[in-house]
Each structure stands twice: as C-alpha cells, then as structure tokens.
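Let me begin by presenting the structure, written as structure tokens, before commenting on it.
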Amino acid sequence: MTERRVAGDPRAFSKAEMMIVAAARALEGQRVCFVGVGLPNIAVNLAQRTVAPELEMVYEAGVFGARPARLPLSIGDPTIVTGSTAVVSMLELFGYYLQGGLIDVGFLGAAQIDRFGNINTTVIGDYKHPTTRLPGSGGACEIAINARQVFVIMRQSTRSFVERIDFRTSPGNLGGAEQAERIRRKGGWLGRGPSVVVTDLGIYHFDESGEMRLDSLHPGATVEAVRASIGWDIKVAQALATTEPPSHEELRLVREELDPGGAYTK
Amino acid sequence: MTERRVAGDPRAFSKAEMMIVAAARALEGQRVCFVGVGLPNIAVNLAQRTVAPELEMVYEAGVFGARPARLPLSIGDPTIVTGSTAVVSMLELFGYYLQGGLIDVGFLGAAQIDRFGNINTTVIGDYKHPTTRLPGSGGACEIAINARQVFVIMRQSTRSFVERIDFRTSPGNLGGAEQAERIRRKGGWLGRGPSVVVTDLGIYHFDESGEMRLDSLHPGATVEAVRASIGWDIKVAQALATTEPPSHEELRLVREELDPGGAYTK
Amino acid sequence: MAASRVVSKVATMRDAIAALVRDGDTVAIEGFTHLISFAAGHEIIRQGRRDLTLARLTPDVIYDQMVAAGVARKIVFSWLGNPGVGGLGAIRRRIEGDIPEQPLEVEEYSHFGMVARYTAGAMHLPFFPLRSYFETDLPVANPLIRPIVSPYGEETIYAVPPLHPDVTIVHAQRASAAGDTQVWGLLGCQKEAAFAADRVIVVVEELVSDEVIRADPNRTIIPGLIVDAVVVEPWGAHPSYVQGSYDRDNRFYLDWDPISRSEDAVQAWLREWVYDLDGRAAYMDKLGAERMGLLRPSASAPSGAVDYGEYR
Amino acid sequence: MAASRVVSKVATMRDAIAALVRDGDTVAIEGFTHLISFAAGHEIIRQGRRDLTLARLTPDVIYDQMVAAGVARKIVFSWLGNPGVGGLGAIRRRIEGDIPEQPLEVEEYSHFGMVARYTAGAMHLPFFPLRSYFETDLPVANPLIRPIVSPYGEETIYAVPPLHPDVTIVHAQRASAAGDTQVWGLLGCQKEAAFAADRVIVVVEELVSDEVIRADPNRTIIPGLIVDAVVVEPWGAHPSYVQGSYDRDNRFYLDWDPISRSEDAVQAWLREWVYDLDGRAAYMDKLGAERMGLLRPSASAPSGAVDYGEYR
C-alpha cells in the first residue's frame with residue numbers, strides 16, 4: 001500500500017508524509033491550536049490523534065474544541081461542528097479567543113517566508129499588478145500577531161524561502177529579534193512570533209537573533225539539498241539532528257483515516 | 001372594586017391609571033419600543049394589549065419581540081423570555097438594535113426633567129456629595145441618543161419638573177431645538193429626541209423651539225394644578241384638549257391582568 | 001393578549017432579487033463555508049445585474065461564477081480561494097489583467113478586519129478598532145486600514161471603516177414568514193452582515209411557524225424586523241452545505257478547479273448550470289437524486305431540548 | 001480518535017471562593033436579573049473578604065448585602081437599584097455619607113458603557129468606542145469616559161476603557177466538569193465578563209456530561225478553557241432566577257425594601273441568612289419547600305431539538 005506513495009523508497013513514506021508527521025509532533029504538550037487552512041489542517045488533526053490528545057482545535061470558522069470525525073477538506077466543514085465544545089460567531093472567535101490571548105499556537109501555511117519568519121500569502125510581484133494573485137491574509141495576519149507562538153508548515157524551494165518576500169501579510173521577527181521584541185512590547189502584542197518551521201526537508205527553529213536555523217534534517221534529506229532550496233545563506237545547527245521517521249501508526253492514520261485520497265500527501 | 005383606587009371619584013380611576021393609559025395610547029402606530037424600567041414597563045405592556053398589538057417590545061436585558069404572559073416586575077423577568085422572538089447578548093441588544101437605529105420609541109421614566117426634555121436619573125444635589133443618590137443611567141443615556149424618538153412617563157411635581165436639573169443623564173433638546181438639531185446632525189445621532197411626556201396631570205409635546213407644551217389635561221386636572229407642579233412657566237396649547245378617560249377595557253387590563261397588586265397604580 | 005397580525009415576506013427567488021438587488025449595489029452573500037446562497041448568486045447572474053461590488057470574507061466559487069458572468073466591478077474580501085483546493089481562476093484572471101475588458105477592483109482586509117467592518121456597520125460606529133495589521137503591508141495596500149491612538153495611555157492600534165451592504169443575502173436552516181431566522185452550526189458573520197445592511201434577503205431550507213421560532217428564542221440570529229424577503233429554496237446552498245440537512249459537496253469544489261482554470265470552461269458551465277435553467281429546482285433536478293443522496297448526513301445528531309418554562 | 005482526559009474542576013463553593021477570590025480583587029458577579037450568583041456573594045461575605053471592587057451593571061440586592069457586610073471599598077456600575085421596587089439602602093447610605101467609617105467609592109457608566117468595557121476586556125482592546133454620553137454630565141462625573149476622533153471623517157464619539165475583573169462569577173443552567181458552560185434565556189454580558197477576567201468561577205444548577213454539551217455546541221457560552229472552578233449549587237441564584245428551573249422571587253425583592261432602609265435590619269438579616277448558615281443548602285432548607293414550590297414554572301416550555309447531523 002505504501003508503494004503508491006514513494007515507489008522504491010525503502011523507508012516507504014513520502015516527503016509530504018514526513019513533513020505532516022513532523023509538524024504534528026511539534027504540537028506535543030500544546031493546549032490550544034488555531035488551525036490554518038491547507039497543510040496545517042492535516043498536521044493538527046494528526047497531532048490530536050497522536051501526541052496531543054487533549055489539544056483543543058480552534059477553527060476560524062467559529063469552532064472551539066473540534067473533534068472532526070473525518071479530515072475536513074475545508075476549514076468550515078460540518079464535521080468540525082458536530083460534537084465540538086462550542087460554536088461561536090467569527091466576531092467572538094477572532095475577538096475573544098484569538099485577540100483575547102487564548103491561542104497557544106497559530107499554525108500557518110505560507111507561499112513565501114524570509115529568514116526572520118515574515119510571511120507572504122498575498123501576491124507575487126507588485127501588489128497593484130501582480131504576477132500571481134495569492135489568497136491573501138484570511139486570518140493569518142491576526143494569528144501571527146495574537147497567537148502566543150506561530151508554527152509554519154510549507155514545502156521549501158527557492159521560490160518560497162526567499163531573501164525578500166514580495167508582500168508582508170503576517171509579521172514574523174520583522175528585521176530581527178531585537179527590533180521585533182521592541183515593537184511587540186511597545187504595541188502590546190500578545191504573540192511572541194514564529195517558533196517552528198516544518199518543511200518537506202527539515203525542521204527549523206529561530207535563534208537568538210530571530211533568524212531561522214535548520215535543527216533537524218528529515219531522513220534522506222541533505223544540507224546541500226536544503227541550501228539549494230533556500231534563497232539565503234541558511235544557518236545550520238552545530239548538533240544537527242535527524243528527524244525520526246514516521247511510525248507505522250502515524251502513517252496508518254495519515255493514509256487510512258485522514259487522507260485516504262492523498263490530497264495532502266501526493 | 002374600583003373604590004379601593006380613588007374613593008369617591010365618580011369616574012372611578014386613579015391619576016396613576018390615567019397616566020398609564022394615556023402613555024399606552026401614545027404608542028398607537030409605533031412598531032418597535034425599547035421598554036424602560038418602572039412605569040414605562042406597564043404602559044408599554046398595556047399598549048401591546050390595546051392600541052398597538054403589533055408592537056415589538058425590546059427589553060435591554062436582551063429580548064426582542066417579548067410577549068409577557070404577566071406584567072414583569074423587573075425588566076429582566078423570565079416571562080419576557082419565554083415565547084419571545086429573539087434573545088441576544090446585551091452587546092448585541094445595545095449595539096445592533098439600539099445603536100444600530102432599529103428602535104422607533106425609547107420609553108423612559110425620569111426623576112427630574114427640564115423644559116427641553118433633558119433628564120436626570122443620577123443624583124439630587126452635588127454629584128460627589130449627593131443629597132439623594134438615584135439609580136443612574138442604566139440604558140437611558142444611550143436610549144435618549146439612539147432611539148428615533150423618546151417618550152417619557154413620570155409623575156409631576158416641582159421637585160421633578162424643574163428649571164434646572166441637577167445632572168444631565170440623558171440629553172433631550174439640550175438648550176433648545178436649534179442647538180439640539182445642530183449637535184445631533186454634527187454628531188450623527190440617529191435620535192430626534194423627546195416627543196411626548198405623559199404625567200399624572202396631562203400630556204405634553206415639544207414645540208418648534210424644543211420646549212415642552214401642555215397639549216391635553218387629564219379629566220379632573222386643571223391648568224392651575226399643572227402650573228403649581230412645574231418649576232418653570234409652562235407653555236399651554238391654545239387648543240388645550242381633555243384626555244379621554246380610561247375605557248372599561250383599559251381599566252380591566254390594568255387592574256386584572258397587568259397590575260392586580262396595584263404596584264404601579266397605587 | 002392580542003394576536004399580532006404578521007405580514008408574510010415570503011417571495012420567489014426571482015421576485016426577491018428583482019425587487020431588492022439593483023445595478024451598482026454593494027452585495028454581501030455571506031456564510032463562512034456553511035450556508036452560502038449559491039441560488040441567490042445564480043439568480044443575480046440570470047437577471048444580468050451589473051457593476052456590483054461583491055463583499056465576502058471568502059469570495060469562494062460563487063463569486064468566481066458571478067465575476068465570470070460579468071456582474072461585478074469590484075470585490076471586497078479577506079481570503080480569495082477555493083478552500084482546500086486552490087485558486088479562483090475567473091477572479092484571478094481579471095485581477096492579473098488577463099481579461100483587460102473586464103477589470104476587477106479589489107479592496108482587501110484580513111478576516112477579522114472584514115468581520116469588524118460588518119460589526120461597525122451593524123453598530124452604526126464610524127470605525128472598529130482591532131489589533132491586526134501591525135508591521136504588515138496591508139495598510140499600504142489598502143489605505144482604508146488606518147492607525148488609531150487609544151485615549152488611554154497612547155497605545156496605537158488599527159481601525160477599519162464600517163461596511164454597509166445595500167443588500168445582504170444569507171441562507172439559513174429555517175425562518176418564519178415574518179423573517180425571524182434561526183441557524184445552528186457555523187454562524188460566520190451573517191448576523192453582523194445582515195444588521196449592517198440596508199436590505200436583507202433570507203433564503204431558507206424550511207419555512208416554519210412563528211411558534212417554532214418562539215419556542216427557542218436563543219437560536220434566532222436575525223429578526224424579521226430587518227428582513228425584506230424570505231425565499232424558501234431547499235438545497236439553495238449547494239455546493240455549500242446546511243448543517244444537519246446536507247453535506248458540503250467537496251467533489252463540486254474539486255471539479256471546479258480545472259473548470260476555473262479555463263475561461264471557456266467557466267462560460268460553458270454558466271450556460272449549462274445557470275443561464276439554461278430557470279431556477280434552483282431545475283438545478284437540483286439536473287444534479288440528480290443520486291448525488292443528493294450522497295450528501296445526506298450519515299446519521300442524525302440531535303441537539304436535545306432545553307426547557308424555558310412558562311411564567312404566568 | 002484518542003479520548004481526551006479531562007481534569008475535573010468541580011469544587012465546593014467554600015473552596016472555590018477561598019482559592020480564587022482575594023482581598024483587594026475586582027470581582028464581577030454578573031447576570032442581568034437572570035442567573036445572579038447570590039450563593040457566591042454570601043460565601044464571600046462569610047469568608048470576610050475585604051477591599052473588593054465590585055463590578056456589575058446593576059448592583060442589585062446581592063451587592064447591597066455585600067456592601068453592608070463590609071467586603072467592598074468601591075462599586076463600578078451603571079444602574080443602582082432594586083429593580084421594579086426601589087433603592088438599595090446599604091449602598092446609598094455609604095454613598096450619601098451616612099456611614100462615614102465605611103466610605104464607598106463609585107465609578108459610574110451607562111449599561112452599554114459597562115457592556116463595552118467588558119467587551120474591550122474580552123477582546124484585549126485598549127478601549128471600546130460607542131455613541132453614548134454626548135451632551136451628558138457622565139464624562140464629567142467619570143473622566144475615564146473619553147472622547148475619541150474617528151480616523152474616517154473627523155467624527156467624534158466616546159470611548160470607555162477595558163474592564164478586566166480579577167474574578168468573574170456566573171451562574172448557569174449547566175456545565176461539564178471541565179467547565180464548558182451552557183445558558184439559555186437572558187445572556188446579559190456574562191460571556192464578555194468571563195472572557196475579560198483573569199479567573200472564572202461557574203456555579204451551576206446541574207453538572208452534565210461532556211456529551212450533553214457537545215450535542216448542542218451553539219449553546220455553549222463559556223468554554224472550560226477559561227474556567228477555574230465549577231461549583232454545583234442548585235438554587236444558588238435565589239432570589240434571582242434560572243430560566244426553566246425557578247422563577248424570580250419577587251416577594252424577596254419587595255421584602256428587601258424595608259429591610260434595606262434600616263442598617264440594623266440589614267445586619268440582622270445578614271446574621272440570620274448568611275453568617276449563621278454554612279452554605280446554600282442550609283439557606284434553602286431555611287427558605288423552605290413551600291416557598292420553593294411557589295417558584296417553580298407554571299408549566300414546561302420545551303425548546304424542541306435541532307439536528308446537527310453526523311458527518312463521517
């Protein structure tokens with residue numbers, strides 16, 4: 001069954017599966033997670049079924065404490081409603097839950113990210129005359145500001161990990177940790193910004209200067225492959241780890257329960 | 001049975017009953033009424049049972065379209081909830097219904113009123129060292145500003161109808177119609193201010209200068225009695241009317257259905 | 001007590017759109033994933049409205065279709081996509097300048113910004129304050145997002161202006177003939193969008209008696225007071241969904257992706273599914289009973305009842 | 001999916017107040033006529049808390065009792081009275097200076113102002129804007145009510161600052177052991193007061209399973225996430241009421257009027273009904289079954305159920 005994913009790979013899992021599993025594991029010990037659209041959705045649902053059974057999933061559509069019986073394709077699916085703890089208006093969700101400071105982790109995807117974790121999901125090219133029009137902020141801008149910390153999951157390439165993002169939709173560590181700290185304190189932000197980035201090649205955290213650092217390589221990935229797919233000179237941890245491959249149970253959950261159609265893991 | 005109310009009165013109704021009946025009649029043709037605490041409560045409930053069966057009663061407690069099965073003693077009684085059209089948070093009631101401009105008539109009581117319909121329900125005497133501490137604004141301040149028009153029901157005396165109120169809790173026609181119009185327009189107020197005052201002696205409207213004018217005397221009341229209980233030189237309509245006495249049905253509703261204990265009509 | 005004589009606001013979709021949606025209007029068909037009135041959007045296309053400003057947090061497939069049909073000159077939004085699937089081709093082509101004869105203006109916020117705009121509209125406030133937009137390019141892209149200084153302690157946050165749609169259209173599980181409307185499941189910002197609007201059309205799965213509404217007043221999200229028309233249109237939200245009635249038709253959203261990539265395919269789809277049909281009943285006939293059957297919930301999940309008590 | 005291991009927050013009233021209400025705290029016992037936790041107020045009196053700032057839209061009889069007992073140094077409110085009856089004597093005497101050894105500071109708003117303050121607190125906003133206070137003496141009496149200029153078009157309206165209670169206490173029909181709380185009937189501003197608070201105590205008529213809550217998630221007003229203690233105290237709102245369970249005890253409110261006029265009578269009442277009893281069960285015993293019987297709703301008024309549907 002695993003063959004259809006990565007033919008010939010002895011470990012028998014895809015890069016997308018590794019990314020989703022690693023992202024889910026990052027939620028261990030977290031309590032309240034705001035679930036972004038796309039890849040975060042499957043990662044957070046996997047975490048609730050594995051490392052974080054007490055995780056409260058918050059969907060911007062207005063749901064607190066979701067218990068989806070199936071993986072929702074959209075983040076406003078009826079399965080996130082039935083059996084949830086609370087369904088509230090979006091005014092309350094964004095006002096009382098998010099801006100009120102109750103979200104431990106905001107889990108976002110991104111089209112472009114820079115070394116300080118600033119995110120673009122708005123346009124490629126000039127705003128008024130875009131080469132590519134992307135979806136825009138949705139809730140990402142306020143999640144990045146108000147969630148206590150931000151996790152990011154995205155595929156990496158020189159088009160997505162760039163020296164300079166074309167539009168800043170969601171603030172990360174701005175121009176560096178010192179500036180970001182000063183501005184967050186002055187503005188009374190509740191969020192401390194980005195803390196983990198999980199890609200199809202590895203796991204990154206942010207160092208004291210607020211800059212992204214490769215801390216763990218996924219099985220089969222190399223530092224060279226990482227460097228070749230990042231638009232700046234990426235910092236690499238001295239004690240670079242190797243990500244534990246997906247367990248049988250993690251793969252089973254992804255393949256049989258969460259994404260039997262392979263929409264996320266192709 | 002009427003004897004216990006006004007012994008010896010050939011017409012057999014009390015001044016309080018006349019006041020409540022006249023106030024209820026003033027609601028004829030109105031659609032949405034915000035019901036203040038105290039006398040407005042019985043007047044509006046009577047109106048819904050007589051001249052204004054389609055009247056939508058709004059209670060600041062968070063009820064739209066109340067159909068009280070009994071007269072509520074307090075304006076947060078359970079009988080205003082059961083069978084109502086909508087129960088909402090007070091944020092929505094005050095924000096979307098009142099400030100949003102959906103209230104045709106705000107029906108208020110008052111401790112002091114001046115010739116321009118400005119109202120005091122806060123203190124008698126100095127604010128910091130009051131002779132008498134009154135309840136305060138409650139919702140009255142915002143009702144006076146945001147309801148399309150304001151009706152007032154109160155007993156009159158030289159202590160309540162005064163040349164100068166001790167504290168302006170709820171704005172009426174300020175220093176006169178011209179000033180009030182200018183300020184309302186500049187401030188984008190939705191309300192046009194007070195339009196009717198009903199007392200135990202008569203019915204008042206506001207003339208072009210924004211000043212109160214006696215337009216109708218209740219049966220048994222005299223202009224002299226009115227003048228003796230108002231702290232300024234009250235204007236009296238040239239064509240002074242006499243208020244139609246309460247009908248048998250109006251009295252029956254007040255005495256048997258709405259206030260069998262006589263709490264409002266003593 | 002005297003019985004209230006309620007005037008029925010029940011109308012056909014055709015009559016409601018004809019009477020209440022006008023060229024040049026700002027129209028909000030709201031509903032976050034849940035309860036999106038595709039039926040109303042299709043009727044607006046059929047009646048050939050022009051120069052609309054279309055407001056919605058997530059323009060979704062319905063605005064892709066409406067923009068493709070040429071009804072809009074502008075969209076006001078916060079997230080532009082086919083949720084969980086991809087992009088909205090018809091809208092993107094017009095924004096990216098591929099169809100120069102049909103330019104499309106954009107006015108862009110974040111989700112909370114859009115919700116706050118409707119809320120300011122509903123509350124008749126000149127602005128709504130929020131802690132979004134700090135250190136982003138959004139206030140540069142949209143100068144209507146403005147800083148505001150708190151009167152307490154000099155803190156600066158951001159404000160958005162009120163949004164007052166000329167018409168808000170919402171789909172709901174049920175309403176009375178007077179327009180008192182009840183919803184369960186995701187509430188989105190329909191209440192705020194309705195209170196902010198000049199005119200309101202409610203489209204429902206089921207018309208119910210006043211007694212059903214009054215038995216559970218805490219479920220009422222929109223009072224008939226602000227409703228201009230009640231359209232009874234079962235399945236009117238397809239391919240969006242109605243909690244407890246039918247599922248989101250994810251296959252439709254997935255199928256839209258390749259259609260949306262081609263202007264010709266979109267126009268062909270509009271001919272087949274909108275112009276050549278006279279309304280929602282014909283659309284559902286064409287969709288077919290088998291597809292509808294697949295969208296039924298797998299089982300019922302009753303809420304249970306609560307007791308309000310009689311107080312006489 | 002993995003079952004979530006819920007930590008129970010169920011506590012006795014005595015333990016909850018002992019652990020969560022501290023001298024000098026700002027305490028909000030909210031509930032507009034409906035669901036006022038008299039039981040919590042009495043326990044605070046019994047435990048002899050001091051220097052509290054008591055916030056509430058309508059201080060009501062419960063704050064009259066608490067102020068008479070000397071727990072408060074200040075009240076924050078918008079309407080000070082015994083609704084439908086008259087005044088609150090113990091509070092008035094202290095404001096009017098009749099008991100100079102127990103001065104009582106006042107900070108006064110309008111209803112919408114208080115609601116807006118809790119809302120700003122819940123939303124972590126530095127202020128909330130509103131169209132009240134124009135041309136009144138309230139901003140003079142309370143300089144925390146301040147003008148604010150809109151960033152759109154120069155319009156000036158008013159603002160109020162956030163209110164962040166140290167503890168908010170609400171009564172509700174039901175909650176789970178985790179603190180997920182559901183209410184029907186008047187909602188007041190309990191949700192906003194709870195989200196604005198640092199600590200939250202929920203007092204309920206009935207403890208229910210997680211399944212009851214999750215069967216109707218639209219009725220949840222407070223998530224267990226923000227709740228510190230769940231106290232199961234049937235009749236804990238008397239003489240206030242619980243929709244569907246018991247009526248407002250209007251006789252109690254009427255009887256309070258003459259008591260409240262005399263400081264001695266108030267102190268005697270507190271001895272008899274608070275200090276000499278060890279909790280709510282003893283209070284209800286003393287009130288008696290006959291009185292309780294009179295307060296039952298005259299009949300049930302069921303809401304009816306709705307269907308959320310299973311989606312697997």
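Chain identifiers are assigned alphabetically (A, B, ...) following the order of the sequence lines, protein sequences preceding nucleic acid strands; residue numbering begins at 1 within each chain.
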Where does Val242(C) contact chain A at under 4.5 Å (heavy atoms): side chain, backbone, both or neither?
-> neither
Heavy-atom pairs under 4.5 Å with chain A are the metric here; pick the option from Gly185(C), Gly113(C), Gly81(C) that has the most.
-> Gly185(C)
With only heavy atoms counted, which part of Leu186(C) is less than 4.5 Å from chain A, the side chain, the backbone, both or neither?
-> both
Residue part contacting chain C, namely of Val123(A), when any heavy atom lies under 4.5 Å = neither
Mind checking whether Leu91(A) and Cys189(C) have side chains closer than 4.5 Å, heavy atoms only?
-> no
Max heavy-atom pairs within cutoff under 4.5 Å with chain C, candidates Gly62(A), Pro72(A), Gly139(A), Gly83(A), goes to Gly139(A)
If one checks every heavy atom of Val106(C) against chain A at 4.5 Å, the contacting part turns out to be side chain
If you look at every heavy atom in Ile95(C) and Pro130(A), which pair is closest and at what distance?
-> CG2-CG, 4.2 Å
Which one, Ala301(C), Pro83(C), Gly188(C), leads in non-hydrogen pairs under 4.5 Å with chain A?
-> Gly188(C)
Return one line per donor-acceptor pair between chain A and chain C under 3.5 Å, naming both atoms and the distance rounded to 0.1 Å.
unit_1, atom_1, unit_2, atom_2, d
Glu60(A), OE2, His111(C), NE2, 3.2
Arg70(A), NH1, Asp247(C), OD2, 2.8
Arg70(A), NH2, Asp247(C), OD1, 2.9
Arg70(A), NH2, Asp247(C), OD2, 3.1
Gly76(A), O, Tyr241(C), OH, 2.6
Pro78(A), O, Gln243(C), NE2, 3.4
Thr82(A), OG1, Gln243(C), NE2, 3.0
Met90(A), N, Gly188(C), O, 3.0
Gln99(A), OE1, Arg131(C), N, 2.8
Tyr127(A), OH, Glu108(C), OE1, 2.5
Arg133(A), N, Glu96(C), OE2, 2.8
Arg133(A), NH1, Glu108(C), OE1, 2.9
Arg133(A), NH2, Glu108(C), OE1, 3.2
Arg133(A), NH2, Glu108(C), OE2, 2.5
Pro135(A), O, Leu80(C), N, 2.8
Gly138(A), N, Ser78(C), O, 2.7
Gly138(A), O, His111(C), N, 2.8
Glu142(A), OE1, Ser110(C), OG, 2.7
Glu142(A), OE1, Ser132(C), OG, 2.6
Glu142(A), OE2, Ser110(C), OG, 3.1
Glu142(A), OE2, His111(C), N, 3.3
Glu142(A), OE2, Phe112(C), N, 2.8
Asn146(A), ND2, Arg131(C), O, 3.4
Arg168(A), N, Asp137(C), OD2, 2.6
Arg168(A), O, Asp137(C), N, 2.8
Arg168(A), NH1, Glu135(C), O, 2.8
Gly187(A), O, Arg131(C), NH1, 3.1

Compare every heavy atom of Val37(A) with every heavy atom of Gly84(C), then report the nearest pair and how far apart it is.
-> N-CG2, 4.3 Å
Heavy-atom distances under 4.5 Å only: say whether Leu174(A) touches chain C with side chain, backbone, both or neither.
-> side chain
Structural part of Ile91(C) lying under 4.5 Å from a heavy atom of chain A = neither
Kindly indicate, with the supporting measurements, whether the criterion side-chain contact (heavy atoms from CB on, under 4.5 Å) is fulfilled by Leu73(A) and Val85(C).
-> CA-CA 8 Å; Leu73(A) 174 69; Val85(C) 179; 4.3 Å; yes
